[in-house]
Amino acid sequence: MKMIIVRHGEAEWNLQDRAMGQLDSPLTPKGIRQAYALGDRLRRLSFTTLYSSDLGRAAETANIIASICDKKVIFNSELREWNFGIFQGLTLPEMQEKFPQEREDYELNVFEYLIPEGESLRQLRQRSFRVLTAIAQRHSDEAVVVVTHGGILMCFFEEVLGIIHKKPLPFQQDNANFCAFEYVNGRWSLMVWNDISHLETMDTVEI
């Protein structure tokens, strides 16, 4: 089966470098245009099902895609962004000011550190692989589209390629990107990563 995974359009907190986690922030006007550009690209493809995180920024992106592609959105809370716990809603300077010890502990072991009231990056990686593989197994010999978040997408990418997480991230990931994976005989492979060619003409897409 083929799975196309896209990240939601640009949100207000993306511009503020504020950690959204499982809180929410509306799409910017640019993010809305990005979602329409994604929909315009996806309507040219043959896919059976559209899944999305139920967080607002992903849901808004998915609903725009659904309206263009004449699909119904299946919302799944397992596709939500990394639960960043006490750090959610804060910028990096605010995290360091409000939670200096927790932020230091996090920086010392980013992958394993269990964020208070949240989850560790290891847990997010396990969740991303689990939910996306479950979707793939439900739709063998089909093509599906999944709208999700940067954390889920990057963790899944690293798991599929067997990459050890490190900072800074060595791979670019943009809002409203287009990524494609293939699931055959119980194994994942990467086909396309972070394609944003559809955004080059997004100002000409009819909204």
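This chain uses plain numbering: 1 for the first residue, then up along the sequence.
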Checklist outcome for this item: One should read off an interatomic distance between Leu90 CG and Gln88 CD, to the nearest 0.5 angstrom, of 9.0 Å
Next on the checklist: Please evaluate residues Trp82 and Leu121 with respect to the criterion side-chain contact (heavy atoms from CB on, under 4.5 Å), reporting the C-alpha separation (whole Å), side-chain torsions for both, the decisive distance (0.1 Å), and the verdict.
Outcome noted: CA-CA 8 Å; Trp82 185 3; Leu121 193 56; 3.7 Å; yes
Checklist entry - Passes side-chain contact (heavy atoms from CB on, under 4.5 Å), Val145 versus Leu42? Steps please. => result CA-CA 9 Å; Val145 173; Leu42 292 170; 4.0 Å; yes
Checklist entry - Would Asp174 and Gln172 count as a side chain to side chain donor-acceptor pair (under 3.5 Å) if you check the C-alpha gap in whole Å, the side-chain angles of each, and the deciding distance to 0.1 Å? => result CA-CA 7 Å; Asp174 295 288; Gln172 179 74 18; 3.0 Å; yes
Checklist entry - Backbone N or O of Asn83 within a donor-acceptor pair of the Glu119 side chain at under 3.5 Å? => result yes
Checklist entry - Should the pair Trp188 and Tyr183 be assigned to parallel (<30°), tilted (30 to 60°) or perpendicular (>60°) ring geometry? => result tilted
Item to check | Partners meeting side chain to side chain donor-acceptor pair (under 3.5 Å) with Glu117 (sequence neighbours left out) | outcome: none
Item to check | Residues forming a side chain to side chain donor-acceptor pair (under 3.5 Å) with Asn76, sequence neighbours excluded | outcome: none
Checklist entry - Within the distance-only criterion (no hydrogens, no angle test), does the side chain of Asn175 pair as donor or acceptor with the backbone N or O of His8 below 3.5 angstrom? => result yes
Item to check | Exam field: side chain Ser128 to backbone Arg125, donor-acceptor pair closer than 3.5 Å | outcome: yes
Checklist entry - Hey, what else clusters with Leu15 if you join Ile, Leu, Val, Met, Phe, Trp, Tyr whenever side-chain heavy atoms sit under 4.5 Å? => result none
Checklist entry - Does the side chain of Val6 reach to within under 4.5 Å of the side chain of Val146, using non-hydrogen atoms? => result no
Next on the checklist: Which residues pass the ring pair (Phe, Tyr, Trp, His ring centres under 6.0 Å) test with Tyr51, not counting sequence neighbours?
Outcome noted: His139
Checklist entry - Which other residues belong to the hydrophobic cluster containing Trp13, where Ile, Leu, Val, Met, Phe, Trp and Tyr are joined when side-chain heavy atoms lie under 4.5 Å apart, directly or via other members? => result Met20, Leu23
Next on the checklist: Hydrophobic clusters here meaning ILVMFWY residues chained together by side-chain heavy-atom distances under 4.5 Å, can you tell me if Val73 and Phe178 are in one?
Outcome noted: yes
Checklist entry - Roughly how far, to the nearest 0.5 Å, is the CZ atom of Arg7 from the OG atom of Ser53? => result 12.5 Å
Checklist entry - Between the main-chain N or O of His149 and the side-chain N or O of Glu81, is there a donor-acceptor pair closer than 3.5 Å? => result no
Show me the donor-acceptor pairs, under 3.5 Å and distance only, between side chains in residues 107-115 and residues at least two apart or in other chains.
| unit_1 | atom_1 | unit_2 | atom_2 | d |
| --- | --- | --- | --- | --- |
| Glu107 | OE2 | Arg103 | NE | 3.2 |
| Glu107 | OE2 | Arg103 | NH2 | 2.8 |
| Asn109 | OD1 | Glu112 | N | 3.4 |
| Glu112 | OE1 | Arg122 | NE | 3.0 |
| Glu112 | OE2 | Arg122 | NE | 2.8 |
| Glu112 | OE2 | Arg122 | NH2 | 2.4 |

Checklist outcome for this item: Closest non-hydrogen atoms of Ala11 and Ser25, given as atom of the first, atom of the second and distance, are CB-O, 3.7 Å
Item to check | With sequence neighbours excluded, residues passing salt bridge (Lys or Arg N to Asp or Glu O under 4.0 Å) with Arg138 | outcome: none
Item to check | Any donor-acceptor pair under 3.5 Å from Thr48 side chain to Ala143 backbone | outcome: yes
Checklist entry - With distance as the sole test, does Thr148 use its side chain to make a donor-acceptor pair with the main-chain N or O of Leu79 at under 3.5 Å? => result yes
Checklist entry - Any chain of hydrophobic side-chain contacts (each under 4.5 Å) joining Met154 to Met3? => result yes
Next on the checklist: Can you tell whether the side chains of Glu78 and Arg130 come within less than 4.0 Å, N to carboxylate O?
Outcome noted: yes
Next on the checklist: Please report the interatomic distance CG(Leu132) to CD(Gln137), rounded to the nearest 0.5 Å.
Outcome noted: 11.5 Å
Counting only pairs under 3.5 Å, give me each side-chain donor-acceptor contact of residues 60-69, with atom names and distances, residues two or more places apart or in other chains.
| unit_1 | atom_1 | unit_2 | atom_2 | d |
| --- | --- | --- | --- | --- |
| Thr61 | OG1 | Gly9 | N | 3.1 |
| Thr61 | OG1 | Arg57 | O | 2.8 |
| Asn63 | ND2 | Ala59 | O | 3.2 |
| Ser67 | OG | Ile64 | O | 2.6 |

Next on the checklist: Using the rule that Ile, Leu, Val, Met, Phe, Trp and Tyr join whenever any side-chain heavy atoms are under 4.5 Å apart, tell me whether Met191 and Ile135 fall into a single cluster.
Outcome noted: no
Next on the checklist: Looking at Glu97 and Pro93, would you say the former's side chain and the latter's main chain have a donor-acceptor pair under 3.5 Å?
Outcome noted: no
Next on the checklist: Does the structure place the NZ or CZ of Lys71 under 6.0 Å from the centre of the six-membered ring of Phe47, at an angle of no more than 45° from the ring's axis?
Outcome noted: yes
Item to check | Lys/Arg-Asp/Glu bridge criterion (N-O < 4.0 Å) met for Arg187, Glu182 | outcome: no
Checklist entry - Minimum heavy-atom separation for Cys155 to Leu124, with atom names? => result SG-CD2, 3.6 Å
Item to check | Charged N-O contact under 4.0 Å between Arg80 and Asp54 | outcome: yes
Item to check | Closest approach of Ile86 to Phe99 (non-hydrogen atoms, all atoms of both residues) | outcome: O-CE1, 3.3 Å
Item to check | Path from Phe156 to Val192 over hydrophobic side-chain contacts below 4.5 Å | outcome: no
Would you tabulate the side-chain donor-acceptor contacts of residues 30-41 under 3.5 Å, counting partners in other chains and residues two or more places apart, or write 'none'?
| unit_1 | atom_1 | unit_2 | atom_2 | d |
| --- | --- | --- | --- | --- |
| Arg33 | NE | Asp203 | OD1 | 3.1 |
| Gln34 | OE1 | Glu10 | N | 2.8 |
| Asp40 | OD1 | Arg43 | NE | 2.8 |
| Asp40 | OD1 | Arg43 | NH2 | 2.9 |
| Asp40 | OD2 | Arg44 | NH1 | 3.0 |
| Asp40 | OD2 | Arg44 | NH2 | 3.2 |
| Arg41 | NH1 | Asp195 | OD2 | 3.1 |
| Arg41 | NH1 | His198 | ND1 | 3.0 |
| Arg41 | NH2 | Asp195 | OD2 | 2.8 |

Checklist entry - If you group Ile, Leu, Val, Met, Phe, Trp and Tyr by side-chain heavy-atom gaps below 4.5 Å, do Leu45 and Met1 land in one group? => result no
Checklist outcome for this item: Met95 and Phe84 have their tightest heavy-atom pair at CE-CE2, 3.8 Å
Item to check | Residue list, ring pair (Phe, Tyr, Trp, His ring centres under 6.0 Å) with Trp193, at least two apart or on another chain | outcome: Phe157
Checklist entry - Taking only residues two or more places apart in sequence or in another chain, which ones pass side chain to side chain donor-acceptor pair (under 3.5 Å) with Tyr106? => result none
Item to check | Heavy-atom closest contact (Cys179 atom, Leu153 atom, distance) | outcome: SG-CD2, 3.8 Å
Checklist entry - Considering residues at least two apart in sequence or located in another chain, which fulfil the side chain to side chain donor-acceptor pair (under 3.5 Å) criterion with Glu94? => result Arg18, Thr91
